[in-house]
Every structure is written in structure tokens, then in C-alpha cells.
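Just below is one structure, and these are the notes that go with it.
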Amino acid sequence: MSRVVGFIDLDAYYCACEVKQKPSLLAGKPLAVCMYETWKKSPDRSADMDRIVKSGGAGLIAVSYEARAMGVKRQMSANEARKACPELITVMVPTKNGKADLSLYKENGEKVVEILQEFAGIVEKRSVDEVALDVTDAAQKLLETTPKELVARQAVNVSHFADSEISLKASKISHEAARRGHEGQHEYTKNDDDEKNHLLKYSSFDYLLLAGAVVINNARKAVRERLGFSCSAGIAANKMIAKVGCGLHKPNQQTIVFPRSVAVLLKDLPLNRLPGLGGDLGNRISSQLNITTAGGLANISRSILLNAGFQDADNLLAAANGTLDEPVKNRANYKSFGSSKTFYKHPITNLTIADQWLSNFAQEIFDRIKNDRNQRNRAPTNVTISITTDKSHVTRTEKVHIGWSDSPQPIVRSAHRLLRRWAGTRTAHLDIVVLGLGVSNFIDLPANKASVMDLLTRNPLHQSKKPSSSAEIMQPSKKKRTIAELLYQQATTSTKKTTTVGKKDSSFFPSSNIDPEVFAQLPPEIKAELLDDRTRLLRQSAPSLGNSHLEQRQVKKKKKTATTTIDSFFAPRRPR
DNA sequence: CATTTTGACGCT
DNA sequence: AGCGTCAA
């Protein structure tokens, strides 16, 4: 079944967020965003403070289109950029606890996703500024209520087409130039080539794409009007081509790629502009097979690819032909998040300092957990530290119970333990160049804010009405169950067997709402919390916890990934 | 002085 | 669980 996919990319996104913060000062100005002012320690500057920096040589991570027009490019150092454009305004990213604080951009990005969800049934958040939408259903509905000729006219008025002269010119520029922006991209101009399409006879699927383009245009308009962010988009029959199409015309424009235009679009497209081939794999393909374009790869036979050691030949060819069809994932929020910092030329040398940074990271992460938890009734169960030294990069992970806890301490303690697990007996000369902390493996929590008590009751007072998004990534564990998993099990399934109740434990809980087996495994502080809860409940003479029906949580089994594709189109399989 | 700070995912 | 790759 053919789908209609829209791929949306926010224009000069970090700059746009800064303009939104201070429109009177920044709107319409050549603007760039850099990470820090200097490598020296300086006071934190929050999002609402003045963050304009006049000196400092940090690399630019975002450049407004006004600045690009003056020759400023991403990755230039700020000093270099000021030479190219003396009136350039450079803004540094907010800082908090001595590190970059990207929450301004993350929070705005989440608002964008919320709006886009009104326009598409399936929404895949791909990064802070990129979203893929499956708008097949919305496009179909539009065609049911509006004459297709009218839909086509609307779409043509607001879209480019991939086979137009200017689109094809844009398709030929290099990966690097395309990423740095400007060259080959345009302010909004439509030439006659686009209009010719309007005279063509459209297939019924073409009409569906045109309808999708109208939907996407409406979505972009909503984002612009409600949040002030402009974005660009591609519309095509699959995610990969939609993304390529999205890159053809920026800013604030959209491009339709009809199936019949795919071949000509890919013919001269630099190979490394194909999603997933921008790195090592793409380089090896280029050099070993002596090709430079997607069209070139499409002309290589499957057997030659296999002989050259590229085991993923089928998917590579599908990508080169524009037929790779990775479905838009139904995931509008993060599966993990974290906090990290590079200690440029001043590595962390001892445990105490590392502990302090980990505590900072934990605090920041916990703030995000609280927001996420309130919105989605979920909490992470894994904590991972990540440590890079000159010689190595390692991660260490352990389980953590967070639930509705109101303290970052569990994360802090985990992080400190994990640090020691990595350091072993060494306490000095750690030479940590990059230190990071993250959380992942979210589980659903009972729908309302509640104490740990609810997680342990056989007949929970609160149950999620609908599975939250994290339900789709849950899987029943076949391995030894962790405490967190036991808790989850207790909270969400009815207990069929009667557990052997240890007399000592059961005496704590006359109503037998707590599984003593579970209770016994709990860390002391949680046991304490439970006992507190119990006395509170007894004082309030809690109503019977009742029983009757329990919702059986539906847990989708994680699909066994038998074969790797050139993936989700971003993580190609490594040939052996 | 300077490609930082994130995030997803495949392989083993 | 841990490592490596790709990407914005």
C-alpha cells in the first residue's frame, strides 16, 4: 500500500528559537548561534538573559538565512564569521550549571510536534528540528471532500516539484554544501517548469501526493502562525525521498516528488546525500565501486555489490532507486535522553569532580523526567553513564527505580556507583574528556500521580486508560526480572497465583495488597516509603482497594529485527 | 583557544 | 549490556 509521507525540517532552527525569544532585537538580522563564549568558566546565562556575545571564537552551530546570504556558514568560527559579516549578531546557547542548556530548543521542538500531530495520524520525531509525518489518511480525506482539480491547484500554488530545473540543479550540489546551506537553495521563486506540471495528467496516486502536499502546507502554516517557526518540507511516497525532497528548497518552501520524478532526482544526486550513506559506508561504496551518485549506485548489479562485500545490497539498491520504504514510525517523543559535556583540553582528573558533574547532569535529567512523566505517565528504568578518554569510550548501565519519586537522588547515586564501576580502584588521573549521563527504557506508570504504593498493590487504584507511547516499546522480559520489572508486573497484571506470604512481611500489610516477594527485594529507602504510606493510609482509614476487573495491559512484542535495512534509513548495516 | 550536545539504532 | 555508526 502506497503511503504519502511528509518530511518537515525547521529552518535555521536554533536561530529561529532565539528570534522567538527576542524578536525586536533579532528578527530579520544576520544571526548565528554558538555554543559558548569562551572555554573559560563564566557565569550561567539562562534563556531569558542577554546572550549576545561580541567576542569569542566558538564554532557556529546555527546560522540564519540573512547571515548565510552574507557568506556566513555553519561551522565557521565566530571570529571568522564576523569578518565575513561585521553586523553579524552572535548569540550563545543558554548555560546552566556550567554547561550548555538546550531546553529552550527542546521545548519549542516539542510544541512543534504537538501541532503536527493535529495533521497526521503517524508522527515520527527524528531530532530536535526534524519530523516525518504519514499523511496518507488525511490526504485521502481531503480528496473525499474536495474536487481533485482544486486540490491539485492548491498544491501547485504552494509547492515546488522535484523534476523542475531549479530542483534538479539543487539536487546536484554536494552533501557538504547542502548541509552548510545557502548554495543551490533559494528564496521563494517558482519558475515555469513547476507550472508545466499543472498541465500534466495526474495519476490517482499523484492526486494523493498533491493532497498530502496541501495537508503538509497547512501543517507548516499552523506551525508558523502559532509558534513563529518557518519550516521546509518534502512530500513523497516514502520517507527517504521525502527527506531528499525536503532538502531541495529552503527556507520556508516545500517540494513534491512524484514517483515519475524519482529517477531523475536521484540520477545526479551525490551518493552521500542519501540518508545513511553520508558516512563510512557511503565512502567505501564510492571508492570501491568508483561511483559518486545515487544514479551510479543504481546501475551497479546486485551481484557486483555482493562480491564487493556489501551484504546489504538489496537495501542499498532500493535506496539508490528511491524505493526504500521505511514506514514512518509512530513515535512522537524520546526513547532516551541525557546530558553530557566535553572538557576540552581540561579533562576531569578525579572522582570528586566527576561526581559533581554527574550530580549536575542528574538534576537536569530529573527535571526533564518530571515534565515527561506528567505528560506521558512514564519513567525511565535505566541509567547509563558514558565516559570518553583519550583512549576509549565506554558506557556503564544499571537499573534504577524512579516511579513517581520526587528526588533526583536515585539517579545521582546510580551515576556515582557507575562511575566507580568504571574507575575501579583508580581515583585520580581519570582523564575524562567527555562525561555523560542518560536515562532510557521507559515504563508506563499508573495514570495518576501516586506513591510507590500503587506500583506494589495487586489491585491498583489507578490504571492507565490508554497505553502511553512507551507501551509500544515495552517487552515482557524473559530474563531474570529486575525489581523495576517486578513492580511493573505488579501494577499492571492481575495476580493469578497466590504467593506464599511470609508471615513477617504480611503482617505489615493486613490487606495483602503488597507482594511480599517484591517487597523483600526493595531497597531500604523504598521500604521506608512504603511503610510511611501504609501508616498514612491506615490513618485515613483508606477505602477498600476493591478488586474486580483489572485491565490487562497490552504489550506489543518488540519485533525481532531479522535483517537490517540501510535502516530507518540512518543506520546502515556494516558489510562483512 | 573549538565539531558540542545530543539522540536512534544495529551488531554482538 | 556495551560498542560502534550515523545524524542534526
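Residue numbers begin at 1 in each chain, while the letters A, B, ... track the order of the sequences.
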Notebook entry, point to check: Just to confirm, is there a sub-4.0 Å distance from OP1 or OP2 of C:dC6 to any side-chain nitrogen or oxygen of A:K243?
Noted result: no
Next item on the list: Determine the interatomic distance between P on C:dA8 and the same-named atom on B:dA2; round to the nearest Å.
Entry: 25 Å
Next item on the list: Answer with base, sugar-phosphate or nothing: what part of the nucleic acid does A:S77 contact at a heavy-atom distance below 4.0 Å?
Entry: nothing
Next item on the list: Assign A:Y334 to base, sugar-phosphate, or nothing according to its heavy-atom contacts below 4.0 angstrom with the strands shown.
Entry: sugar-phosphate
Next item on the list: Check every strand shown and say whether A:K40 touches a base, only sugar-phosphate, or nothing at a heavy-atom separation below 4.0 Å.
Entry: nothing
Next item on the list: Anything under 30° is parallel, anything over 60° is perpendicular, the rest tilted; go ahead and classify A:H249 against A:H160.
Entry: parallel
Check: Looking for any heavy atom pair under 4.0 Å, which part of the strands does A:L102 touch: base, sugar-phosphate only, or nothing?
Finding: sugar-phosphate
Check: Over how many whole Å does the gap from A:K341 atom NZ to B:dG7 atom P extend?
Finding: 16 Å
Checklist line | 5' precedence on DNA chain B between A:Y36 and A:A58 (nearest-nucleotide basis) | finding: A:A58
Check: Please give, in whole Å, the distance from B:dC1 C1' to A:F343 CZ?
Finding: 17 Å
Item checked: Any A:R421 side-chain N or O less than 4.0 Å from OP1/OP2 of C:dG2 -> yes
Next item on the list: Measure from CG on A:L274 to P on C:dC6 and round the result to the nearest Å.
Entry: 14 Å
Checklist line | Side chain of A:K99 (C-beta onward), nearest among C:dC6, B:dT6, C:dA1 | finding: B:dT6
Margin query: I'd like to know if A:K243 pairs up with A:E130 as an ion pair, taking the criterion as any Lys NZ or Arg NE/NH1/NH2 lying under 4.0 Å from an Asp or Glu carboxylate oxygen.
Written below: yes
Notebook entry, point to check: Quick one: does A:L358's side chain get under 4.5 Å of A:V412's, heavy atoms only?
Noted result: no
Check: Roughly, in whole Å, what's the span from OH in A:Y13 to P in B:dT6?
Finding: 14 Å
Check: Touch check for A:V394, heavy atoms < 4.0 angstrom, all strands: base, sugar-phosphate only, or nothing?
Finding: sugar-phosphate
Check: Among the nucleotides B:dT4, C:dA8, B:dC9, which one has an atom lying closest to any side-chain atom of A:T342?
Finding: B:dT4
Check: Counting side-chain heavy atoms from C-beta on, which of B:dT6, C:dA8, B:dT5 comes nearest to A:K106?
Finding: B:dT6
Check: Which nucleotide sits closest to the side chain of A:R368: B:dC9, C:dT5, B:dT6?
Finding: B:dT6
Next item on the list: Rounded to the nearest angstrom, tell me the gap between atom CG in A:L281 and atom C1' in C:dA7.
Entry: 14 Å
Margin query: In this structure, how many angstroms lie between the P atom of C:dC6 and the CZ atom of A:R126, rounded?
Written below: 15 Å
Item checked: A:S127 vs A:T395, nearer the 5' end of DNA chain C by closest nucleotide -> A:T395
Note to self: Checking A:V328 against A:R3 for the side-chain contact (heavy atoms from CB on, under 4.5 Å) test, could you report, in this order, the C-alpha distance in whole Å, the side-chain angles of both residues, the deciding distance, and whether it holds?
What the structure shows: CA-CA 9 Å; A:V328 176; A:R3 311 296 297 174; over 6 Å; no
Check: Within the structure shown, what part of the strands sits under 4.0 Å from A:N382 by heavy-atom distance: base, sugar-phosphate, or nothing?
Finding: sugar-phosphate
Margin query: Applying a 4.0 Å non-hydrogen cut-off, can you work out what A:G59 is touching in the nucleic acid: base, sugar-phosphate, or nothing?
Written below: nothing
Notebook entry, point to check: From the list B:dA8, B:dT5, C:dC6, which nucleotide is the closest neighbour of the side chain of A:K335?
Noted result: B:dA8
Checklist line | side-chain contact (heavy atoms from CB on, under 4.5 Å), paired with A:F442, selected from A:T381, A:D372, A:I369 | finding: A:D372
Next item on the list: Measure from NZ on A:K41 to P on B:dA2 and round the result to the nearest Å.
Entry: 20 Å
Checklist line | Which nucleotide in C:dA8, C:dG2, B:dC1 has an atom nearest any side-chain atom of A:Y344 | finding: B:dC1
Note to self: Students often get this wrong, so: under 4.0 angstrom with heavy atoms, is A:S339 touching a base, only sugar-phosphate, or nothing?
What the structure shows: sugar-phosphate
Note to self: Within the 3.5 Å criterion, strictly below it, is a donor on A:R396 or A:T384 matched to an acceptor on the partner's side chain?
What the structure shows: no
Checklist line | Side chains of A:K99 and A:Y36 in contact at under 4.5 Å (non-hydrogen atoms) | finding: yes
Next item on the list: Between C:dC6, B:dG7, B:dC9, spot the one nearest the side chain of A:K329, thanks.
Entry: B:dC9
Notebook entry, point to check: In whole Å, what is the span from the CG atom of A:D129 to the C1' atom of B:dG7?
Noted result: 12 Å
Next item on the list: Choose from B:dT4, B:dT6, B:dA2 the nucleotide whose nearest atom is closest to any side-chain atom of A:M35.
Entry: B:dT4
